[in-house]
Amino acid sequence: MANLTDEIRVRIGPSPTGDPHVGTAYVSLFNYAFAKQKNGKFILRIEDTDQKRSSLDSERAILSSLKWLGLQWDEGPDVGGPHGPYRQSERLDIYKKYVDQLVESGHAYWCTCSAERLAEVRKRQLALKQPTGYDGHCRELSQTEGVVRLKTPKEGKIIFNDLLRGDIVIESSEVDDQVLFKSDGFPTYHLANVVDDHLMKITHVIRGEEWISSTPKHILLYQFFGWQPPQFAHLPLLRNFDKSKVSKRKNPVSLEYFKEAGYLPEVLLNFLGLMAFSFADGREIFSLADFVQNFKLDRVSLGGPVFDLQKLLWLNGRYLREFRDNAQFTKYLQDQLFASDYLSQIVTLVKERVEKSEDFIAYADFFFKGDVTVAPENYEIKGIADKKKLAEIYEALIEKLESLRPFDVERIDTALRAFCLDHDLKSRDLFMPVRLMVTGKKASPPLFETMAVLGKERCRTRMRAALQVIKTQLHV
RNA sequence: GGCCCCUUCGUCUAGAGGUUAGGACGGCAGCCUCUCACGUUGCAGACGCGGGUUCAAUUCCCGCAGGGGUCACCA
């Protein structure tokens, strides 16, 4: 238990495997406020233990988005600190040392089961309606290759306290012999997390509710290492309108979207502060400093809040009207819509079509609009009669485009052409509807260049909107 | 399905053992106004169900239902 003189230290551990997520901002905000209020430290640790999916580019984007929001960390991969390195991929030797210790003390073991065997075991368990999990095949073997698994005690209860929910009790037998150390020499989240939280002297782990069920594994690890666990607080998850965990299929979730769509960073923060939290005095409009001052863990509500864009929009409007004078608003427009590098990229594309200045508006309007829409039949692809199939194709296409980073002409070109090949489509049959989706027009500058200039977020928003139109048609 | 978490207006939430259950977004209506927007005023709108405990439960307890999360060599 952290004693009163100890410095409060909290952390966030984003995984650099995609676009910066609004959920990261939400959890960051609460961590930041909790620490700052008590003069503690807010630490950023990059959890890039998934070699296949992690990228430096994604890491950069996450850091830059959090900075945009003004959630500056005290220790992190870019600013350093006394307990570095702050990138897990640079701490491999540390984890190795601790896994070895665990194996030696008999609390973990090497496992050489193949993926096929594991799948088979799982299949059998499912068929017998048994709980799924590792069957302990290698538990008593002594080998030194493969993966290392946690040797979960067969008996007893694991109890931990959640600051928001009280004691949570789970039977030890319910806990799986989780892989701690992968065959590629990288740790899994569970191991890296516990080791790092301990070494970085983290006092409070404030994270999403999705982690509750793996906390017992972490508690076990603290016990096996003989370490004092931190305090835990699991925040309710942000939800889609249908109450499922907020996801990009059903909501814009990239922080880059909010930035590009013209939301003010302080508005997004304000709005996130309204999720699962409320000021004692009922105030709904507040600055980050206000939030830091007034945040209290025991005022966090536990029902998963639906991330409602409508209220966010209203809030952004209020900030613009009330907190920006004309000069500031002008500046906002210049930065947001008419930034000179954005403008010059557009000029490059439309200049040859223009005869006088006004023409620019007619040719380039879609670069400045929010949504663009056309009649649904324009989204049809020659040879695809089935609307359901059509929707599937676009869904797949959008997901493919979303994964591009950076979102540049070459990558778009390659992705789009490969997509045509994969789905047996002629490029001219696909490109026109896509053009209509992203520009709202049949005539536009070259598609790939246009998309690159529009940016990933505008493209995905418009394509999702179009997809929604197709799906709506399906249901009537 | 097993385990775990959660449950106040459509949405974000306040609330206390006894309140006309409060506010905000959205909706609707009036006012303002050349229009729209803003602003403003008002209206509709919630304690999931069943048992307890209690003089009294929406509030405390238990069950149920519903929702969610998790069951990877992803985090």
Side-chain angles (χ1 to χ4, degrees), chain A residues 12-18 21 23-24 45-54 88 110-115 118-119 122 125-134 146-149 158 160 162 164-193 207-217 234-246 270-285 299-318 320-322:
Chain A
I12 52 160
S15 174
T17 54
H21 200 274
T24 305
R45 182 174 69 217
I46 293 295
E47 312 219 328
D48 55 348
T49 54
D50 184 339
Q51 277 195 90
K52 291 170 286 280
R53 294 195 304 151
S54 295
Q88 291 184 328
W110 288 91
C111 165
T112 50
C113 292
S114 66
L118 260 21
R122 193 187 145 73
Q125 288 166 334
L126 244 27
L128 294 169
K129 293 193 188 248
Q130 286 173 346
T132 55
Y134 185 61
V147 303
V148 176
R149 288 181 183 276
I158 301 167
F160 67 94
D162 181 287
L164 301 174
R165 300 156 209 266
D167 282 349
I168 295 175
V169 184
I170 292 168
E171 289 294 331
S172 187
S173 56
E174 298 283 348
V175 182
D176 196 13
D177 279 7
Q178 180 68 46
V179 171
L180 299 175
F181 196 73
K182 303 183 258 189
S183 56
D184 64 357
F186 276 60
T188 58
Y189 171 86
H190 309 283
L191 199 250
N193 205 258
R207 78 226 300 192
E209 195 178 4
E210 57 199 322
W211 293 109
I212 290 181
S213 56
S214 44
T215 304
K217 290 167 195 166
H234 292 95
L235 264 17
L237 261 19
L238 258 24
R239 311 289 185 94
N240 296 316
F241 232 92
D242 64 6
K243 300 278 188 185
S244 56
K245 178 163 93 166
V246 75
N270 186 154
F271 183 67
L272 257 12
L274 251 18
M275 300 283 97
F277 185 77
S278 61
F279 276 56
D281 62 12
R283 154 168 47 144
E284 289 199 302
I285 300 206
R299 287 195 63 83
V300 171
S301 62
L302 298 177
V306 171
F307 189 72
D308 179 8
L309 279 321
Q310 219 159 18
K311 188 157 179 173
L312 175 63
L313 207 54
W314 164 80
L315 198 61
N316 205 58
R318 273 200 69 164
L320 250 20
R321 275 176 251 123
E322 293 176 26

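In what follows, chains carry the letters A, B, and so on, assigned in the order in which the sequence lines appear, proteins first and then strands, with residues in each chain numbered from 1. For the numbers below, each heavy atom of this structure counts, side chains included, while hydrogens, waters and symmetry mates do not.
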For A/Glu47, answer base if it contacts any base atom (sugar-phosphate contacts may also be present), sugar-phosphate if it contacts only those atoms, and nothing otherwise; contact means non-hydrogen atoms under 4.0 Å.
sugar-phosphate
Report the base-pairing partner of B/G17 (Watson-Crick or G-U wobble, both distances below 3.5 angstrom), or none.
none
Determine the interatomic distance between C1' on B/C62 and the same-named atom on B/G1; round to the nearest Å.
25 Å
Those residues that, when tested against A/Leu126, pass side chain to side chain contact (heavy atoms under 4.5 Å, CB included) (two or more places apart)
A/Arg122, A/Thr132
Need one value for A/Val147: base, sugar-phosphate or nothing, where a base atom within 4.0 Å counts as base even if backbone is also close, heavy atoms only.
base
Regarding A/Arg299, tell me which of base, sugar-phosphate or nothing describes its non-hydrogen contacts under 4.0 Å with the strands shown.
sugar-phosphate
Ring pair (Phe, Tyr, Trp, His ring centres under 6.0 Å), that's the test. Do A/Tyr189 and A/Trp211 meet it? Break it down for me.
CA-CA 11 Å; A/Tyr189 171 86; A/Trp211 293 109; 4.0 Å; yes
Using a cut-off of 4.0 Å on non-hydrogen atoms, how would the nucleic acid contact of A/Arg149 be classed: base, sugar-phosphate, or nothing?
sugar-phosphate
Give A/Arg318 one of three labels, base, sugar-phosphate or nothing, depending on what nucleic acid heavy atoms sit under 4.0 Å from its own.
nothing
Base, sugar-phosphate, or nothing: which does A/Leu312 touch, judged by heavy atoms less than 4.0 Å apart?
nothing
Do any pairs count as a side-chain hydrogen bond (donor to acceptor under 3.5 Å, both in side chains) and have a residue in residues 275-285 of chain A, sequence neighbours left out, and if so which ones?
A/Ser278-A/Arg299, A/Asp281-A/Arg283, A/Glu284-A/Lys311
Check every strand shown and say whether A/Arg53 touches a base, only sugar-phosphate, or nothing at a heavy-atom separation below 4.0 Å.
base
Residues in side-chain hydrogen bond (donor to acceptor under 3.5 Å, both in side chains) with A/Lys245, at least two apart?
A/Glu210
Answer with base, sugar-phosphate or nothing: what part of the nucleic acid does A/Asp50 contact at a heavy-atom distance below 4.0 Å?
sugar-phosphate
Pairwise P distance for B/A29 and B/A37, with rounding to whole Å
12 Å
If I pick the C1' atom on B/C4 and the same atom on B/C9, what distance separates them, to the nearest angstrom?
29 Å
When A/Ser301 and A/Leu237 are each assigned the nearest nucleotide of RNA chain B, the 5'-most assignment goes to A/Ser301
Any side-chain heavy-atom pair of A/Asp308 and A/Phe241 under 4.5 Å
yes
Where does the chain A footprint on RNA chain B start and end, counting 5' to 3' with a 4.0 Å heavy-atom cut-off?
B/G2 to B/A75
Within the structure shown, what part of the strands sits under 4.0 Å from A/Ala276 by heavy-atom distance: base, sugar-phosphate, or nothing?
sugar-phosphate
Would you indicate what A/Ser278 reaches in the nucleic acid, counting non-hydrogen atoms under 4.0 angstrom: base, sugar-phosphate, or nothing?
sugar-phosphate
Residues in side chain to side chain contact (heavy atoms under 4.5 Å, CB included) with A/Arg165, at least two apart?
A/Asp162, A/Ile168, A/Glu209, A/Ile212, A/His234, A/Pro236, A/Leu302
With sugar-phosphate meaning primed atoms plus P, OP1 and OP2, does A/Gly133 contact a base, only sugar-phosphate, or nothing at under 4.0 Å between heavy atoms?
nothing
Between A/Val246 and A/Leu237, is there a side-chain heavy-atom distance shorter than 4.5 Å?
no
What integer number of Å spans the P atoms of B/C25 and B/U41?
11 Å
Using atom C1' in both nucleotides, what's the gap between B/G23 and B/U35 to the nearest angstrom?
32 Å
Determine, using ring centers only, whether A/Phe181 and A/Phe186 are less than 6.0 Å apart.
no
Any strand: nucleotide that pairs with B/G50 via Watson-Crick or wobble, under 3.5 Å:
B/C62
So what does A/Thr49 hit on the nucleic acid, given a heavy-atom distance under 4.0 Å: a base, only sugar-phosphate, or nothing?
sugar-phosphate
B/C34 versus B/U20 - spacing of their C1' atoms, nearest Å
43 Å
Taking a pair as Watson-Crick or G-U wobble with both distances under 3.5 Å, which nucleotide is matched to B/C9?
none
Please report the distance separating the C1' of B/G42 from the corresponding atom of B/C61, rounded so that it comes out in whole Å.
42 Å
If the condition is side-chain hydrogen bond (donor to acceptor under 3.5 Å, both in side chains), which residues does A/Asn240 pass it with, not counting sequence neighbours?
A/Ser244, A/Ser247, A/Asn251
If pairing means Watson-Crick or G-U wobble with both distances under 3.5 Å, then the partner of B/A57 is none
The answer to which of A/Ala115 and A/Phe277 contacts RNA chain B further toward the 5' end, by nearest nucleotide, is A/Phe277
Taking any heavy-atom pair under 4.0 Å as a contact, classify A/Gly282: base, sugar-phosphate, or nothing.
nothing
For B/G69 versus B/C55, give the span between their C1' atoms, rounded off to a whole number of Å.
42 Å
Taking pairing as Watson-Crick or G-U wobble with both contacts under 3.5 Å, can you name the mate of B/U40, or confirm there isn't one?
B/G30
Identify the nucleotide, in any strand shown, that forms a Watson-Crick or G-U wobble pair with B/U35, with both distances under 3.5 Å; if there is none, say none.
none
